[in-house]
Every structure is written in C-alpha cells, then in structure tokens.
Amino acid sequence: MDKKKFINLLCFIILAVVTVWLRYLYLNTDLWYDEACSWFTAKQSFPFGIEDNLSSLDLQHTPLYFYMLHFWMKMFGDSEIAMRILSLIFGLASVPMVYLTAKKIANKQVALFATALTAVSPLMTIFSVEIRMYPVVIFWVLLSLNYLIDFEQKKDNKSLVKLVIANLLIPYTLVGGILYNVSLAACYLIYLLLNKSSVIKKYLVALSVELLCLIPYFIKIAYYAKMRDLFVVSHEGHLKFFHVVDVIRNFFGVNIATNIYWPEEMPYDLTILFAISVIVPCVYFVYGLVQGCKNSDKFLRTLYCIFFISFGLSVLFSLLEVNVFTSRYILYLLPPFFILSVLGLSKMLTAKHWQSFLTVYLIIVTIFNVYFSKNFDNLKTRAFKSVKIEADKLELDANDIVIMPFGSDAPYYFRSLSSPRVFEFDFHKEIRNPNNEKYYDEKQQQNMFGSRAARVVYTAVMSDRVFSDAYFEYFLKNINYTVPSGRYVLMALYSSDASLLIDIQDLRKSIKDEHSVQKQISNVMFAKYLYDTRAMLMFDFDLLKTYTYNNYTFLLFRKR
C-alpha cells in the first residue's frame, strides 16, 4: 500500500471512530416529550391504532417512521437505548452516504471534508440518536440526491426508479419533507427543459408515478389542515427574523443554542467569542453556498437551487403559520448544504485557506460536542423525566395520580404497573379540539369556533362554576373518586406554565371583555383550567406543599 492510500485509509478509520464515539456520547440519555410521543404512537396496534392516534391526537405526522419503530420495539423492546438504536442506524449510515454522493460531483478532498462535517456537526450528532423521524428522513434525502446525480450522469431507468422510491419515502416519513420533493421536481424539470429535453418525457413519467403514489399523503395532510383549521388554539407562532438566524447559527456555528428544539426568541449577545465561534463559520459556509451557485456546471447550479428553494419554502410556510421554522424540521437540508458549501469554498478559496479553516472548525466542533454532551442529558431530564424522579422521591404508587397539563398524552416514564397513574388529559392538546367531549359541553362545542370561542371562555371565567359540566364530571370520576383516602395527587407544571397559577379574581381583572380574551385565549383558558383543577381537588384533598424542582412547579395534595 502506497503512502497516499495509507493516509486515506487512516483518515477514514479516524472518521469512523469519531462518528461512532460522538453519537455514543448522546445515546444513553433520557427521553424528552416528543420522543415519548414517538413511543406512545408506535406502541399502538399496527396499522389502525397508529393511524387512529395520528388522526385524532397528533394531527401532524405521516406514519412510516412509527410503523418502523413499532416493529423495532416488538423485536428489541422500548428502553431508551433500544429505541435510539433504530435512529442511530440511519444516523450512522448518512455519514458514508454523504461521501458517496459528494464524490460523484466533486473531488475526494471535498467529499471527505463534507463527510467529516456531517460526522461531527452537533445537530447531526444529537439528532442521529433522537427517537424521531429526523435521522431517517436525512438518509432518504441523501439517497434521493445520490440517485438524482446517478440519473443525471447515466440517464438510466434504474436510477430513475430508485429516485422515485427515495422521494416517496421522504414525505411519508416527515410531513414537511414534501417541500424538498416540490423543489426537486420544479428545479430539475426546468433544468431538463432548458438543457436536456431528450429525457424530459422519461422524467415526467416518473413524476406522474410519484404524484399518484403521493395521493394518500395529500389526502392525509388535507384532513390535518381541515382539522387544525378548527382548533381553538393554534400552536404555530409568528415567524421572526431571529428564527431564521437561529437556524443558520445552529447549522453552521461551532456551538449551538442550548434549546435546540425550539426557535430562539431573543437576539444574541455579540461578544468576541460569539463572533469567532458562530459568526465567522456561518459567514464561511454561507459564502461557500452563495459562490457555489456561480458554478459553470448547470446541473450543479440546479442542485444549489433545489436546496435553497427548499429552505425558502420552509420560511414561507412558517410565515403563513403552517409550521414552525426550527432546525430539526429542516435538518435534512444540512448534509447537502455541507457538500455544496465545501464545493463552493474549494472553487473560490485557495486549498490551504479552505482546508485550514475546515480542519480547525472540525477540531473545535468535536471538542464542543464532548462539552455539550455532559449537560445534554440533564437538559432532557428537566424537560420530561423530572416528574417521574419527583414521584419516586415521594414514593407514589398505583394508588396515586399525577396530573401533567403538558406531557400526559405520552406517559413513558409511568408505564410500569406499579407507577402512579397519569391523569389522561393533556391540556395543550385536548382543549384545541372544539369537539372534545371531555372538556366542552354540547352547547360549548357548537360555539367554540372562531370569534365565538372568546364569548364561551369569557362566560366561563366570569361564572362561579367549573369551565364545563363535562370537565367537572370527567375530573371527579377519574381523580376524586379513584384516589384512596390518605393517598396523593401530584400536579406538575412545566416551566412557565406555573405563572398562570393565579386566583380567579386576578384572572377576571386581566380580561375586560371578549375581545381581550380573543387576544390571549390560550393563557386565559389555561389559567381557568388550573384554577378549576385546584378547586375540584380541594373538595376532597388538602394541599400539602407547593415547590419547584428541575424546571417544574409541583403541587402535592393528599386525600382526606
């Protein structure tokens, strides 16, 4: 073996070891809420139980990942590590796929650096073991890109069939993945029209087949759109400029935001360290992407357009409040961005310049991963498992009940028969459905639409009754009548939810009329819910103490 081959082999071995090692650092971590939702959906019966859960409670996801996780759990169990390994397989497979794809449109050096970036990227590392669909869809997108390049270079039917299959897997795994399909179809079709009209008929046939196979997808998202249009409360926030900045920062910065699951709301502190660790690398990568668009190769320019337009469509739909613009929802764009950015840098900068920058960047990012992993498990614990830890401290058992307004729809850490029972009412999901018979009386259901909902809520707050007879009966039946004398109810309020633990008189003072309710309907309904819940508990329980622990506020009640 000559020296060059030996060095290449050594680089691949080091890269493989680092790839596995970094993901191992995040493998044995607790679940957070969304991951628990994956477990809850996947544990339903196949396929109708899973479909029913998605269509009645979730109303935002396509089923392919949950089908996969369902059978994976049947074979290997539902422990945190067992479920994470399914994602890990796709997370690991995406790294060599970057190399195979990049090498077809660039030289080995570009391919190797793009692969290394994918291997050590904090986002790619963390989400490679996430019990969600993100690492799976990343792999499908890379497959699609790989087969698109194959078809462009070979013009063979085999590559085109593979491209269609890969493209179908994407939206059936992640709802928002369809934006990539749309971008790919539009950009490549225009490219063929302008440059290679001889194969356009073949590609149009493939697109037609893909479109036919996506009919169930469009039916499902049309149903979701119809149901979500009826929601009393929408969870999609307004797009802000810093949401876009936050995604770019998390994609390309040396370090990432502490909360990687939701858009950053506040501007950053522009310190020297932030400039060096975030602004400088972001400028390099964005510069590489922009300059790469100027490539003389028309097909390469088409690839840049595909992923730029995918990014732009995500921004547009967030602006229309169809989705939230955050890193994990468009993470499938990151490996292609790495490939295209490195390619652009290699064309515009000297080899010594871009290779030195990327080498230093890779080393520092690897160090950051090690540092971040030490705190990451604690962050996830505080986001969900803390309630179970506290219940164990209090020695609660199956005679007791835990009330979690956030997270009770996925009680992963209370799945043992000896665990306290979780009150089956996730406020943030249950109240959004105006036809919910647990929370709304029949007359309320008829009026919980549009501006009429504000009148219903205003009337309920101003009355001296629980929000509805339905909720009153449901609560007493499932809480007050089921807890034995001397046993406990633990109420756990996540993060800022506790700020709405206010007296009914203070709540009434905060709303002047129905119009003021409409502007803050979610907070008003939640404050009323919390007041009603405590009032109903006080029929039969004594409040022992109220305290905070690990980002939660707890209220402990004992039945008289």
In residues 491-507, what donor-acceptor pairs under 3.5 Å come from side-chain atoms, sequence neighbours left out?
from : atom 1 : to   : atom 2 : distance (Å)
D497 : OD2    : H428 : NE2    : 3.4
S499 : OG     : S496 : O      : 2.6
D503 : OD2    : Q505 : N      : 3.0

Test of ring centre spacing under 6.0 Å for [X] and [Y]:
X	Y	answer
F467	Y529	no
F425	Y439	yes
F376	Y26	yes
F311	F308	no
F251	F285	no
F40	Y412	no

[Y] and [X] aromatic ring geometry - parallel, tilted or perpendicular at 30°/60° bounds:
X	Y	value
Y413	F384	tilted
Y191	Y188	parallel
F252	F338	perpendicular

With distance as the sole test, does [X] use its side chain to make a donor-acceptor pair with the main-chain N or O of [Y] at under 3.5 Å?
X	Y	answer
R534	L530	yes
T553	T548	no
S144	W140	no
E514	A454	no
Q444	D441	yes
S79	A82	yes
N433	K429	no
S121	T118	no
E473	A470	no
T41	S38	no

[atom1] of [X] to [atom2] of [Y]: how many Å apart, nearest 0.5 Å?
X	Y	atom1	atom2	result
M448	I521	CE	CD1	5.0 Å
N435	Q446	CG	CD	10.0 Å
L189	I200	CG	CD1	5.0 Å
N480	L537	CG	CG	6.0 Å
Y134	L123	OH	CG	12.0 Å
L316	I309	CG	CD1	12.0 Å

Does the side chain of [X] come under 3.5 Å of the side chain of [Y] through a donor N or O and an acceptor N or O?
X	Y	value
N181	E210	yes
E80	W39	no
Q518	Y458	no
N436	E430	yes
T533	Y471	yes
T29	D377	no

Worksheet item: Crowded around E437 CD? As in, over 12 foreign heavy atoms under 6.0 Å?
Response: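 Not more than 12 within 6.0 Å, no.
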Practice prompt. Step through the shown structure and confirm whether more than 12 heavy atoms of other residues, nucleotides or ligands are within 6.0 Å of CZ on R452.
Written response: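 Result for CZ/R452: enclosed.
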Would you say [X] and [Y] make side-chain contact, with heavy atoms under 4.5 Å?
X	Y	result
L184	L163	yes
R508	V461	yes
P263	K240	no
L148	N167	no
M124	I138	yes
L31	I131	yes
Y261	D34	no
Y332	F139	no

Discussion item. Under the criterion side chain to side chain contact (heavy atoms under 4.5 Å, CB included), I'd like the reasoning laid out for M462 against I511: C-alpha separation, chi angles, the key distance, then a yes or no.
Written reply: CA-CA 10 Å; M462 293 303 170; I511 53 174; 3.9 Å; yes
Practice prompt. Please report the C-alpha distance between E35 and R84 in whole Å, then the side-chain angles of each, then the deciding distance to 0.1 Å, and finally whether the salt bridge (Lys or Arg N to Asp or Glu O under 4.0 Å) criterion is met.
Written response: CA-CA 10 Å; E35 293 179 296; R84 291 193 189 287; 2.5 Å; yes
[X] versus [Y], closest heavy-atom pair with distance:
X	Y	result
F66	A42	O-CB, 3.8 Å
N478	I401	O-CD1, 3.2 Å
M97	L143	CE-CD2, 3.6 Å
Y474	E424	OH-O, 2.8 Å
P63	E51	CG-OE2, 3.3 Å
A257	D246	CB-OD1, 4.1 Å

Discussion item. Applying side chain to side chain contact (heavy atoms under 4.5 Å, CB included) to M536 and F472, what does each step give before you reach the verdict?
Written reply: CA-CA 8 Å; M536 288 186 289; F472 181 79; 3.7 Å; yes
Worksheet item: Between K380 and E130, does at least one N-O distance fall below 4.0 Å, as a salt bridge requires?
Response: yes
Fill in: Salt bridge present between D78 and R415 (N-O < 4.0 angstrom)
yes
Worksheet item: So F449 and L230, side chain to side chain contact (heavy atoms under 4.5 Å, CB included) or not? Walk me through it.
Response: CA-CA 7 Å; F449 297 95; L230 301 177; 3.9 Å; yes
Discussion item. Would S310 and Y180 count as a side chain to side chain contact (heavy atoms under 4.5 Å, CB included) here? Give the steps.
Written reply: CA-CA 5 Å; S310 296; Y180 165 79; 4.2 Å; yes
Discussion item. Determine whether F127 and F90 satisfy the following criterion, ring pair (Phe, Tyr, Trp, His ring centres under 6.0 Å), listing intermediate values before the conclusion.
Written reply: CA-CA 10 Å; F127 283 101; F90 287 92; over 10 Å; no
Practice prompt. Walk me through it: do F406 and Y33 pass the test ring pair (Phe, Tyr, Trp, His ring centres under 6.0 Å)?
Written response: CA-CA 9 Å; F406 167 73; Y33 171 68; 4.6 Å; yes
